Amino acid sequence: MKLPLRISMSLLVLCLIAALPAQEKTLIRFADVAAESGVILANISGNKDNKDYIVEINGNGAAFFDYDNDGDMDLLLVNGSTLANMANGGDPMAALYRNDGKGNFADVTSSAKLLRKGWGVGACVADFDNDGYQDVYVTAYGADVFYKNSGDGTFVDITKKAGLGNARWATNCAFGDYDLDGDVDLYVANYVRFDLKTVPKRGSNELCKYMGRDVLCGPRGLDGEPDILYRNNGDGTFSDVTKSSGVEQPAFYGFGVVFSDLNNDRFPEIYVANDSKPSFLFVNQKDGTFTEEGLFSGVALNAAGTEQASMGVAVGDYNNDGSLDLFITNFSQDSNVLYQNDGSAFFTDVTFPSGLGASSMAYLGWGTSFVDLDNDGYLDLFIANGHVYPEIDDFNIESKYHEPRQVYRNLGNGRFEELTKKIGGPLVEKKSSRGAAFADYDNDGDMDVLVVNMNEPPQLLRNDSESGHHWIGLKLAGVKSNRNGIGARITLAGDPKQTAEVRSGGSYLSHNDFRIRFGLGKAAKAGAVEIRWPSGLVETFLGLEADRYHTLAEGKGVARK
């Protein structure tokens, strides 16, 4: 029987559609639950609509940490100010939200006695005195503040007593035990020497223009501020060892900072991402000193030999070869950068071969992390974006002041696939974002993200992914090593074999959950967990149950002889 032409054509179309390969559906999903969870602080960072000075554009960070030791990740949001408010003492520098374990956060800033006012910038966390409670360092435009956790739900400002109180414009900070003496030291990156009385006005010279138009001035053309390394004396105080340790360098524009063992010798290096200047890599000489080897190691510049804006920094073993790699976020019309570690702290820029180059060119990146969003055993990438010039919206280019966040899925073969549009939802809502902090705040086994947005409330991106994959979480408790296990190297046996490190600080102006979480894919059982503690002890933990968190104390596993 001959079918009518209309019917036969319809059948042909249906057959052609059926023959097409099914479009892959991403299993990664986010829901913005900030407002319903009670995380409502509207970030202040200069005037909302007009950004006339550089101090107004860099924004703020956040920190996830368990300040009350109840097993739930609490949240600290750092807050800025305005130039007008600073003339009267500034705004509250931070807000602390207590996690009730049921998905709700309560503002406990006042009762916790986090009372300092000023212009907060970023934060990092560590138990600096090994008393079992995590303390907080808040960087600032103006005087920084160091809060000691009293263990009763309150904090005490011990900045002066501890010998701290950097009064420069500080950005990122990080704790790490660089001399392996059992207590954590502190590195503070500083940015620009900013004086409202002397800073050039917008458009006043060629350094105050962008693509031919007048914009705010800096950082180029302004004096940088030198960074500071503080050694923990073990008695509740710190000493400035910047010069004696060998980390004294020209005053560049410091942003992202991490302590990380990049050459696999147990002693942590210090990496500093500098804005518009070569970045630093301080290689630990194991005697209390460092040598700066950024250019020699391949991480001072990109593959083209160019200085970059270098805001946020992420560390992780993205290719599961046992060595920790570096990812740096950069300015628009430039690419972010992935540096692959050869195992001895020599790096190769693999940005474009990995698929991370072209798709980042339109955006200006800030907070970032290597994070396994779908628990398949491979580290994905999350990036918070947002431009610094509101005027960019009038330009006829793709870059805009408000931009989406980006997610790249690790394909397991050295390459990444951008999934931003496929994931959609709050990920593609246009914001001018800055800091990003990462934690499994609801303890369901997948990583959630807090994103700080300029002059508006943050996003709390709850991970609602539906991968069905298993996972295992590890909280380390140092005994001879520092209490948080900062600097410990953890290796999980399996396919793939995974490596991670406990770290303070990172991303951009932010601090992540100390707990280490490994995705297990379809494996219902976790392999052997090997921990190399900062003290030098290497031990193995066997038979750990999947899909739950475990606390592993130093000296309680099977030690290697």
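None of the values given here were measured: they were computed from a predicted structure. Below, all heavy atoms of this structure are taken into account, side chains as well, without hydrogens, waters or symmetry copies.
- Separation of the Phe255 and Tyr508 ring centroids falls under the 6.0 Å cut-off.
- Taking the six-membered ring wherever Trp is involved, the centroid distance between the rings of Phe146 and Phe128 falls below 6.0 Å.
- Ring-centre distance between Tyr178 and Phe259: not below the 6.0 Å cut-off.
- For the side-chain hydrogen bond (donor to acceptor under 3.5 Å, both in side chains) with Lys148, the qualifying choice from Thr159, Asp131, Asp157, Asp135 is Asp131, the only one to do so.
- Asn149 places a side-chain N or O within 3.5 Å of a backbone atom of Gln134 that can act as its donor or acceptor partner.
- You'll find the ring centres of His387 and Phe331 inside the 6.0 Å limit.
- Under the 3.5 Å distance criterion, the side-chain polar atoms of Ser354 are matched with a main-chain donor or acceptor of Val350.
- Among Tyr378, Phe416, Phe327, Tyr339, the one residue that satisfies the ring-ring contact (aromatic ring centres under 6.0 Å, His included) test with Tyr318 is Phe416.
- Of all heavy-atom pairs spanning Pro200 and Leu222, the tightest one is CD-CD2, 3.7 Å.
- Between Phe175 and Phe238, the ring planes lie tilted relative to each other; the angle falls in the 30° to 60° range.
- Between the side chain of Glu269 and the backbone N or O of Asn284 there is at least one donor-acceptor pair closer than 3.5 Å.
- In this structure a side-chain-to-backbone donor-acceptor pair under 3.5 Å is present from Arg434 to Ile57.
- The aromatic rings of Phe155 and Tyr67 sit tilted relative to each other, their planes meeting at an angle between 30° and 60°.
- Cation-pi geometry between Arg515 and Tyr549 is met: under 6.0 angstrom from the ring centre, within 45 degrees of the axis.
- Considering only heavy atoms from C-beta on, Asn79 stays 4.5 Å or farther from Met93 through its side chain.
- Side-chain atoms of Thr171 come within 3.5 Å of backbone N or O of Gly254 as a donor-acceptor pair.
- For the side-chain contact (heavy atoms from CB on, under 4.5 Å) test with Phe282, the passing option among Thr291, Thr289, Ile270 is Ile270; the others fail.
- Judged by distance alone, with hydrogens and angles left aside, the side-chain atoms of Arg231 form no donor-acceptor pair with the main-chain N or O of Asp240 at under 3.5 Å.
- Looking only at side-chain heavy atoms (C-beta outward), Val529 and Thr540 stay at 4.5 Å or farther from each other.
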Problem set entry | CA sep, side-chain torsions, deciding dist, call: Glu307, Arg220, salt bridge (Lys or Arg N to Asp or Glu O under 4.0 Å) | CA-CA 12 Å; Glu307 300 167 351; Arg220 294 184 184 275; 3.8 Å; yes
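- The residues Asp261 and Arg489 are annotated as salt-bridged, a charged nitrogen and a carboxylate oxygen being separated by less than 4.0 angstrom.
- Taking every heavy atom of both residues into account, Asn264 and Gly343 meet most closely at ND2-O, 2.9 Å.
- Judged by distance alone, the side chain of Ser81 and the main-chain N or O of Trp119 form no donor-acceptor pair under 3.5 Å.
- Listed by chain and residue number, Asp227 satisfy the side-chain hydrogen bond (donor to acceptor under 3.5 Å, both in side chains) test with Tyr187 (two or more places apart in sequence, or in another chain).
- Between Gly132 and Asp127, the shortest heavy-atom distance links the atoms N-OD2, 2.7 Å.
- Paired with Phe280 under the rule ring-ring contact (aromatic ring centres under 6.0 Å, His included), one option of Tyr271, Phe252, Tyr253 passes, and it is Phe252.
- Salt-bridge annotation for Lys556 and Glu539: absent, with no side-chain N of the basic residue lying under 4.0 Å from a carboxylate O of the acidic one.
- Panel note: side chain Asn172, backbone Leu509; a donor-acceptor pair is recorded below 3.5 Å.
- A donor-acceptor pair is defined here as one N or O able to donate and one able to accept, closer than 3.5 Å; no such pair exists between the side chain of Asn482 and the backbone of Val184.
- Shown here are the side-chain hydrogen bond (donor to acceptor under 3.5 Å, both in side chains) partners of Ser45, two or more places apart in sequence or in another chain: there are none.
- Asp66 places a side-chain N or O within donor-acceptor distance of the main-chain N or O of Gly71, the cut-off being under 3.5 Å.
- Side-chain contact between Ile158 and Leu164 is absent, with no heavy-atom pair separated by less than 4.5 Å.
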